[in-house]
Amino acid sequence: MLQLDQLKIAIVGLGYVGLPLAVEFGKKVVTVGLDIHEKRIEALKAGNDHTLETSSEELKQATYLSYTTDIQDIRDCNFYIVTVPTPIDEYKQPDLTPLIKASNSIGQILKKGDVVVYESTVYPGATEEVCIPILEKVSGLRYNQDFFAGYSPERINPGDKEHRVTNILKITSGSTPEIADYVDAVYNLIIKAGTHQATSIKVAEAAKVIENTQRDVNIALINELALIFNKMGIDTEEVLQAAGTKWNFLPFRPGLVGGHCIGVDPYYLTHKAQAIGYHPEIILAGRRLNDSMGAYVVTQLVKTMVKKRIQVEEAKVLVLGLSFKENCPDVRNTKIIDIVNELKEYHIDVDVYDPWVEPSEVQHEYGIDVISSPKKNYYDAVVMAVAHQQFKILNRADIANMAKENFVLYDLKYVMDKQDVDIRL
């Protein structure tokens, strides 16, 4: 059994999840961060993190941390943590390609006694059914005899400066009881909030995937209530404020459900459920409803424009915000793009302004150009789509400076006073 004083950690994938983890471990033990993107490694070596999850000062504090794009540079490590993305494809099926490639790479350098821990969100069973066979085949080593595995799901909340990797309770697990204890001890080197040791890798995988599935279903319920209340002419936010006075009412709000977790993870669970012969009803119904909200928003906007006698075709619409959540540059699986694409279906000219996002990333990911600043007295409608701090200070007069005399203001995020907006979700 490895001892903690012999620990050499490799973090495979240095995105929103991997980098904060690498930085914290890099303050304590020898740690090597591996990423396939050379620009990412160059930026980190220069002390810059474009995800804004870690500051330049935090990067400097990780004195035991180094970075590389070469798999051979992590050959001497003995504890591998995989934090690569697990997206869905165009058919909303799990895309395990990054996980498979990472496992294949680690298999090439795997040694006897090594431990491989996965943090990527997957369906229950994926680690041992998909990843472990690859490690065995490529390395020629035997699982739970020559090498071992664990699963410790990430709980990072991008843009959240309060809930950081060290103060979020960590679920851990291992492929044997001894390895489970060892994996738990390794994470306890950096996790101040403590750990919860799951009884198996599958239990840990299932715990992670239902966390976001639960949130998704709850938001879907509130979205459906918003659709009903809008038809009845009742303000949804006022209803939720009233209902929220009860001590056990859950404080969810309607909105677009995007990002790399909540809008994706339920499809991993439903994929596995269908593979074993069960068709999930509630989870998929919630997903369908949440995925339809972008189109609903545009329908509401267009109807209001028509009521105000604003010509819809070739109208100018400003969308404020593109990232999947406020005060965060992450545009992965943002549902604001659904609004943009739906507006274009009406032959509407759309400008997107978001001071948080990287324009080149948006162009690469979605093929659209974000503007550097909104135009003056130009727009027929403005959609407050993301509650960035820069937008929360705006009032109707500020918006009016961007718009024509007769315009529609749609506030998706309840940023502005009710009397100052034309529509709220």
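Reckoned from all heavy atoms, side chains included, excluding hydrogens, waters and symmetry mates. Residue numbers start at 1 and run along the sequence shown.
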Novice: For the pair R287 and K92, evaluate side-chain contact (heavy atoms from CB on, under 4.5 Å) and give the outcome as yes or no after the intermediate values.
Specialist: CA-CA 10 Å; R287 276 282 77 234; K92 303 189 186 303; 6.0 Å; no
Novice: Tell me the closest heavy-atom pair linking I336 and G321, and the distance in Å.
Specialist: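 Closest heavy-atom pair between I336 and G321: CG2-O, 3.3 Å.
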Novice: Can a salt bridge be assigned to the pair E237 and K418 using a cut-off of 4.0 Å between side-chain N and carboxylate O?
Specialist: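 So E237 does not pair with K418 through a salt bridge.
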Novice: Taking C-beta and beyond as the side chain, do V165 and V23 meet within less than 4.5 Å on heavy atoms?
Specialist: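 No - every pair of side-chain heavy atoms lies 4.5 Å or more apart.
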Novice: Is there a donor in the side chain of D330 and an acceptor in the side chain of S323, or the other way round, less than 3.5 Å apart?
Specialist: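 Not at all, the side chains of D330 and S323 share no donor-acceptor pair under 3.5 Å.
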Novice: Check whether any side-chain heavy atom of I9 lies under 4.5 Å from a side-chain heavy atom of Y80, and answer yes or no.
Specialist: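 Answer no - side chains too far apart.
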Novice: Judged by atom type as modelled, is there a donor-acceptor pair below 3.5 Å linking the side chain of H347 to the main-chain atoms of E314?
Specialist: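 Such a contact is absent between H347 side chain and E314 backbone.
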Novice: Kindly indicate, with the supporting measurements, whether the criterion side-chain contact (heavy atoms from CB on, under 4.5 Å) is fulfilled by I368 and I337.
Specialist: CA-CA 9 Å; I368 63 173; I337 198 67; 3.8 Å; yes
Novice: Please report the C-alpha distance between Y182 and E178 in whole Å, then the side-chain angles of each, then the deciding distance to 0.1 Å, and finally whether the side chain to side chain donor-acceptor pair (under 3.5 Å) criterion is met.
Specialist: CA-CA 6 Å; Y182 180 64; E178 295 77 20; over 6 Å; no
Novice: Where does the angle between the aromatic ring planes of Y353 and F391 fall among parallel (under 30°), tilted (30 to 60°) and perpendicular (over 60°)?
Specialist: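 Rings of Y353 and F391: tilted, 30 to 60°.
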Novice: Kindly indicate whether the side chain of Y414, heavy atoms from C-beta on, has any atom under 4.5 Å from the side chain of P254.
Specialist: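 Side-chain contact under 4.5 Å: yes.
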Novice: Is atom CD of Q419 surrounded by more than 12 heavy atoms (other residues, nucleotides or ligands) closer than 6.0 Å?
Specialist: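 For Q419, atom CD is crowded (more than 12 foreign heavy atoms under 6.0 Å).
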Novice: Step through the shown structure and confirm whether more than 12 heavy atoms of other residues, nucleotides or ligands are within 6.0 Å of NZ on K192.
Specialist: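 No, the 6.0 Å shell around NZ holds no more than 12 heavy atoms from other groups.
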Novice: Please give me the minimum heavy-atom distance between I210 and A207, naming the atom from each residue.
Specialist: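 Distance-wise, the nearest heavy atoms are CG1-O, 3.4 Å.
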Novice: If we only count heavy atoms from C-beta on, is the V352 to V340 side-chain gap below 4.5 Å?
Specialist: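 Of all side-chain heavy-atom pairs linking V340 with V352, at least one is under 4.5 Å.
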Novice: Side chains of E358 and S360: donor-acceptor distance under 3.5 Å anywhere?
Specialist: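 Yes.
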Novice: Would one find more than 12 heavy atoms of other residues, nucleotides or ligands at under 6.0 Å from atom CD1 of I282?
Specialist: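 No - once you tally the heavy atoms of other residues, nucleotides and ligands closer than 6.0 Å, there are 12 at most.
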Novice: Set out, in order, the CA-CA distance, both residues' side-chain angles and the distance that settles side-chain contact (heavy atoms from CB on, under 4.5 Å) for V82 and V117, then state yes or no.
Specialist: CA-CA 6 Å; V82 180; V117 177; over 6 Å; no
Novice: Between Q390 and W356, does a side chain to side chain donor-acceptor pair (under 3.5 Å) hold up when you go through it step by step?
Specialist: CA-CA 10 Å; Q390 292 94 330; W356 281 83; 2.8 Å; yes
Novice: Before accepting this row, confirm whether a basic side-chain N of the pair E154/K170 lies closer than 4.0 Å to the acidic partner's carboxylate O.
Specialist: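 The answer is no: the pair does not qualify as a salt bridge.
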Novice: Looking only at the side chains, is there a donor atom on one of D369 and Q363 sitting less than 3.5 Å from an acceptor on the other?
Specialist: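 The criterion, which ignores hydrogens and geometry beyond distance, is satisfied for Q363 and D369.
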Novice: Return yes when atom NE2 of H37 has more than 12 non-hydrogen atoms of other residues, nucleotides or ligands closer than 6.0 Å, and no otherwise.
Specialist: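 It does not: H37 NE2 has 12 such atoms or fewer within range.
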Novice: With a 4.5 Å cut-off on side-chain heavy atoms, are L96 and Y268 touching?
Specialist: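 Y268 reaches L96 side chain to side chain.
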Novice: For the residue pair Y118 and E205, confirm or rule out a side-chain donor-acceptor distance under 3.5 Å.
Specialist: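 Y118 vs E205: no donor-acceptor pair found between side chains.
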Novice: How many angstroms lie between atom OG1 of T31 and atom NZ of K28, to the nearest 0.5 angstrom?
Specialist: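 Here the interatomic distance stands at 11.5 Å.
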Novice: Apply salt bridge (Lys or Arg N to Asp or Glu O under 4.0 Å) to K308 and D422, showing your working.
Specialist: CA-CA 10 Å; K308 297 190 77 169; D422 297 291; 3.5 Å; yes
Novice: Mind jotting down which residue pairs meet the side-chain hydrogen bond (donor to acceptor under 3.5 Å, both in side chains) criterion with at least one end in residues 376-387? Sequence neighbours excluded, please.
Specialist: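 side-chain hydrogen bond (donor to acceptor under 3.5 Å, both in side chains) check on residues 376-387 returns D351-Y379, D380-K404.
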Novice: What distance do L169 atom CG and I171 atom CD1 have between them, rounded to the nearest 0.5 Å?
Specialist: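 The distance works out to 7.5 Å.
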Novice: Could you walk me through whether S175 and N144 pass the side chain to side chain donor-acceptor pair (under 3.5 Å) test, one step at a time?
Specialist: CA-CA 7 Å; S175 55; N144 280 342; 2.6 Å; yes
Novice: Step through the shown structure and confirm whether more than 12 heavy atoms of other residues, nucleotides or ligands are within 6.0 Å of CZ on R215.
Specialist: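 Counting other residues, nucleotides and ligands, CZ of R215 stays at 12 neighbours or fewer.
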Novice: Nearest 0.5 Å please: distance from the CG atom of L99 over to the OG atom of S120.
Specialist: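 One finds 5.0 Å between CG of L99 and OG of S120.
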Novice: Between S56 (side chain) and G47 (backbone), is there a donor-acceptor pair under 3.5 Å?
Specialist: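 Yes; judged by distance alone, with no hydrogens or angles, the pair exists.
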Novice: Let me see the working for N395 and D420 under side chain to side chain donor-acceptor pair (under 3.5 Å), right down to the final yes or no.
Specialist: CA-CA 8 Å; N395 55 36; D420 290 337; over 6 Å; no
Novice: Just checking K27: does its NZ atom have more than 12 heavy atoms from other residues, nucleotides or ligands closer to it than 6.0 angstrom?
Specialist: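 Count over threshold, so yes.
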Novice: Answer yes or no: are there more than 12 heavy-atom neighbours, outside H279 itself, under 6.0 Å from its atom NE2?
Specialist: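 More than 12 within 6.0 Å, yes.
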Novice: For D216 versus G286, what's the shortest heavy-atom pair and its separation?
Specialist: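 Answer, listing the atom of D216 first, then G286: OD2-C, 4.5 Å.
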Novice: Name the residue from D411, D235, T236, N230 that meets the side chain to side chain donor-acceptor pair (under 3.5 Å) definition with R424.
Specialist: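 When D411, D235, T236, N230 are each tested with R424, the side chain to side chain donor-acceptor pair (under 3.5 Å) holds only for D235.
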Novice: Quick one: are L269 and D265 in side-chain contact, heavy atoms under 4.5 Å?
Specialist: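 L269 does not reach D265 side chain to side chain.
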Novice: Can you tell me if N188 and D184 form a side-chain donor-acceptor pair at under 3.5 Å?
Specialist: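 Yes, because at least one side-chain N or O of N188 sits under 3.5 Å from a partner of the opposite role on D184.
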Novice: Mind checking what makes side chain to side chain donor-acceptor pair (under 3.5 Å) contact with Y267, not counting sequence neighbours?
Specialist: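 D291.
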Novice: Check the surroundings of atom CD in Q93: do more than 12 heavy atoms from other residues, nucleotides or ligands lie under 6.0 Å from it?
Specialist: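 Yes, because the 6.0 Å sphere around CD of Q93 holds more than 12 heavy atoms from other groups.
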Novice: Spell out, as yes or no, whether a donor-acceptor pair under 3.5 Å connects the side chain of T86 to the backbone of V122.
Specialist: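 No.
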Novice: If I compare all heavy atoms of E128 with all of Y143, which pair ends up nearest, and what's the gap?
Specialist: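 Between these two residues, the closest heavy atoms are OE2-OH, 2.9 Å.
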Novice: With a 4.5 Å heavy-atom cut-off, do Y346 and V312 have their side chains touching?
Specialist: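 Y346 reaches V312 side chain to side chain.
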Novice: Would you say the side chains of Q197 and S173 form a donor-acceptor pair under 3.5 Å?
Specialist: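 Distance-only check fails for Q197 and S173.
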Novice: So which of E53, E58, E24 actually passes salt bridge (charged side-chain N to carboxylate O under 4.0 Å, His left out) with R164?
Specialist: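 For R164, the salt bridge (charged side-chain N to carboxylate O under 4.0 Å, His left out) test succeeds with only one of E53, E58, E24, which is E58.
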Novice: Answer with yes or no whether the side chains of Y151 and T172 bring together a donor and an acceptor at under 3.5 Å.
Specialist: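 Not at all, the side chains of T172 and Y151 share no donor-acceptor pair under 3.5 Å.
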Novice: Considering non-hydrogen atoms only, spot the tightest contact between P266 and T213 and give its length.
Specialist: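 Between these two residues, the closest heavy atoms are CA-OG1, 3.5 Å.
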Novice: Using 0.5 Å steps for rounding, measure from the CD1 atom of I36 to the OG atom of S105.
Specialist: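 Rounded to the nearest 0.5 Å, the CD1-OG separation comes out at 9.0 Å.
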Novice: Hey, can you tell me if Y123 and H271 have their rings parallel, tilted or perpendicular (30° and 60° cut-offs)?
Specialist: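 Plane angle between 30° and 60°, so tilted.
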Novice: Mind running side-chain contact (heavy atoms from CB on, under 4.5 Å) on V297 and L425 for me, showing each step along the way?
Specialist: CA-CA 8 Å; V297 165; L425 190 55; 4.1 Å; yes
Novice: Please name the pair of heavy atoms, one in I310 and one in F407, separated by the smallest distance, quoted to 0.1 Å.
Specialist: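 Minimum heavy-atom contact is CD1-CA, 3.9 Å.
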Novice: CG/D49 to OG/S55 distance, rounded to the nearest 0.5 angstrom?
Specialist: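 Interatomic distance, D49 CG to S55 OG, rounded to 0.5 Å: 9.0 Å.
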Novice: Quick check: do L320 and L318 have side-chain heavy atoms less than 4.5 Å from each other?
Specialist: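 L320 vs L318: side chains touch.
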